[in-house]
Amino acid sequence: MACALISHPDCFDHRPGERHPESPARLETVFAELERSGLRKTWVPYEAPKVTREQLERVHLPAYLDELERVSPKTGTYRVESDTVMSPGSLLAASRAAGAAVLGVDLVMSGRASAAFCATRPPGHHAKPGDAMGFCLYGNVAIAAAHAMAVHGVERVAIADFDVHRGNGTELMFRREPRVLMADSFQHPYYPRGEFPERAGYIPLRLAEGDGSAVFRRQWKEVALPKLRAFRPQLVLISAGFDALRDDPLASIELEAADYRWITHELRDIAEASGKGRIVSTLEGGYGLPAIGPAVAAHLMALGDCGP
Ligand SMILES: [Zn+2]
C-alpha cells in the first residue's frame with residue numbers, strides 16, 4: 001500500500017531568527033536526503049491542509065488560539081515565550097504542521113495509505129492546552145490523536161515520542177484520557193525542567209547524559225514496547241524527534257541513524273499486530289545538520305514498505 005509524505009511550502013516560512021536552531025534549513029536537509037536516497041520518488045506527496053478551529057479546540061483552549069492570532073506579527077518577530085518566536089509566516093506553518101498530522105490520520109484510517117510521515121515544522125509536543133512552549137505552537141501529534149478518536153472512533157491510540165525532550169504538552173493534554181497510551185524516551189534531567197506526577201497512560205523512559213544505543217534500545221524493549229503491544233492500539237502515532245542523535249547541538253544522547261530504523265521497525269510491528277499497520281509519524285526536533293537527513297531516511301525505510 002502507498003506511503004504518504006505530507007508537507008507544505010508554508011512550513012519553510014516559519015522564521016524564528018537567524019540564530020534559532022529550529023530553522024527552515026532543517027526541512028531543506030530532510031528533503032535533500034529524501035531526494036538523494038530515492039525515497040522522495042517512492043513516497044506519495046501530499047500537500048498539508050490547514051488545521052481547522054474545531055480540530056485545534058479538541059486539545060487547545062479557545063483563549064490561547066485567539067491570543068496566538070492576536071500576537072502574530074505582521075513584520076519582524078514576536079517572542080511568545082523564552083524559546084518560542086513567531087514570524088509573520090509562523091501561524092500558517094503551524095496550521096499546516098497540525099493539518100498534516102490530521103491528514104495523515106485520515107489517510108491511514110481510510111486505507112489510502114498504510115504509513116504517513118509529516119515533514120513539517122514547527123514541532124508540537126511541548127505545546128500545552130493554553131501555552132506555547134519549546135519552539136511549539138500547536139500540539140500536532142495530540143491534535144492528530146484527538147481527531148482519530150473524535151472522527152474515526154478510534155478507541156486505543158498509542159503515541160511513541162522518541163524526541164530527546166519530554167513530550168510534556170502531549171502528556172498534559174491526555175492526562176485524563178484512557179484511550180491514549182503514550183511512551184516517551186527523553187534525556188533526564190533536562191528540558192523541560194521539573195518533576196511531573198506519574199500517571200496511568202504515560203510511560204517515561206529516562207536516558208542519562210551520554211547514554212546511547214544500548215540503553216535506548218533496552219528501555220524501549222524492556223519497558224515500553226511490551227506495554228504498547230499489550231494495549232493493542234488501533235493506530236500508532238510517532239512524535240519523531242531526531243535530537244537524540246550523537247551530533248545534535250541541543251542534547252547529549254548518542255544515538256545513530258540505525259537506532260531510529262530499529263525503534264520505527266518495532267513500532268510498525270505493533271501497528272501491524274493490532275492496528276492494520278496504521279502508523280503516522282510527525283517531525284518534532286532534530287537540530288544537527290546534516291545528520292538528521294540520514295536519520296529521517298532510516299526512519300522512513302522502516303515506517304513504510306515503500307523503499308526506493
Ligand atoms: Zn526535542
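Since we're looking at a predicted model, the values are computed, not measured. When a ligand or atom number is given, it counts from 1 through the structure's own listing order.
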In M86, R96, E22, the residue satisfying side chain to side chain contact (heavy atoms under 4.5 Å, CB included) with H14 is E22
Roughly how far, to the nearest 0.5 Å, is the CG atom of D243 from the CG atom of D248? 5.0 Å
In Å, rounded to the nearest 0.5 Å, how long is the span from CG of L5 to CZ of R40?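 One finds 6.5 Å between CG of L5 and CZ of R40.
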Measure from the Zn ion (ligand 1) to each N, O or S atom of D163 and report whether any distance is below 2.8 Å.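 Within the cut-off used here (under 2.8 Å), D163 does place an N, O or S atom near the Zn ion (ligand 1).
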The Zn ion (ligand 1) to H125: any N/O/S contact under 2.8 Å?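 Not a single backbone or side-chain N, O or S atom of H125 is under 2.8 Å from the Zn ion (ligand 1).
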Out of the N/O/S atoms in H165, what is the name of the one closest to the Zn ion (ligand 1)? ND1
Please find the N/O/S atom of D243 nearest to the Zn ion (ligand 1) and write down its name.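 When I compare the N, O and S atoms of D243, OD2 is nearest to the Zn ion (ligand 1).
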Mutual orientation of the aromatic rings belonging to Y64 and H60 [parallel < 30°, tilted 30-60°, perpendicular > 60°]: tilted
